[in-house]
Amino acid sequence: MKLPTTPEGWAIHLTKLVTLFHAAHGLDQFPIKVAPLATEFSRQVFPDAPITMVEGLDLSSKFDGMLTPSPHGTGEWGIVYNNAITSKGRINFTLAHELGHYLLHRQLSPAGLQCSSRAMLDWRSAEGRIEAQANTFASFLLMPLDDFRAQIRGQDISMDLMRHLSDRYEVSITAAILKWLDITDKRAMIVIGKDGFIDWARSSDPLLKSGVFYRARQDVIPLPEASLAAHPELYSDPDADVVHPRGIWPGDEEVREMMIFGSRNEMTISLLLYPSDAPARRWGDDLDEPEPWDAYDQFQSRRGS
Ligand SMILES: [Zn+2]
């Protein structure tokens, strides 16, 4: 049997096996149980290099997870998440990410790989970018496209919908929103806020193409003063949802902001929905055309955080 070579290819290959197995046993396919899948599949397909350890360890706070060869030189591998992570969704995504490294990168990295929390957020595929490849694999494995599309078909976009996706696939709400941003034709953006500042943000392709995005910069950008995210303490409703007049968020348009607290409580997650039609472009706008961007262009890292 010819084995896949791409992140999407591997995820689809495993999804087929999982679907067959669950259909045969009348079991629910979701959420995908990464640990038994990793050990069973690797034992059968790569008997010389099986994954024999899947567990939480006390890693440095810098890292969410790692892929590690057995210290005994037996050819066995372990995939590990940081015990400090309490969110089930983040643990599941981390294991899938490390399984992606095992399938795609263990030959390139015989000493294993250690992955930061930031690495888990680098979703933009680019050649040679192994963290993005591991995330693409995890995203397609845990949230297969046809099922994901079926879940959102005909639904209003809301935090309730994102929570449903997060429960179904056992991923964080952030991961569910990033997946949705990857495939939507809507103009939308996720903004992660921390202590009054923008930690990072990402636009959907249609929003990006209309020129609305936060560019990665060295300086610190405060959350807009009138945004929900800037004053989360004012909103006792767990699902704050308002339409802002133009001029609050980037782009000279009305913007609907839905805001919730992240799993790490000091963090806010805002989902911004823009009108479907971008405002007509004016003469000279082309001068401001964003340059070709890479995975980090849309990240807004707050120094010292
Ligand atoms: Zn990684």
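What you are looking at is a predicted structure, and each value in this text was computed from that prediction instead of being measured. Order of appearance sets the numbers: ligands from 1, and atoms from 1 within every ligand.
- Within the coordination shell of the Zn ion (ligand 1), defined by N, O or S atoms under 2.8 Å, Glu98 is absent.
- The NE2 atom of His97 and the SG atom of Cys115 subtend an angle of 110° at the Zn ion (ligand 1), given to the nearest 10 degrees.
- Here the N, O or S atom of Glu131 that is nearest to the Zn ion (ligand 1) is OE1.
- Ring geometry for Phe41 versus Trp10: interplanar angle over 60°, hence perpendicular rather than tilted (30 to 60°).
- With salt bridges taken as basic N to acidic carboxylate O contacts below 4.0 Å, none links Asp182 and Lys179.
- Defined by atom type and a distance below 3.5 Å, a donor-acceptor pair is present between the side-chain atoms of Tyr169 and Asp147.
- For the Zn ion (ligand 1), the nearest N, O or S atom contributed by His101 is named NE2.
- The aromatic rings of His97 and His101 stand perpendicular to each other, their planes meeting at an angle above 60°, with 30° marking the opposite boundary.
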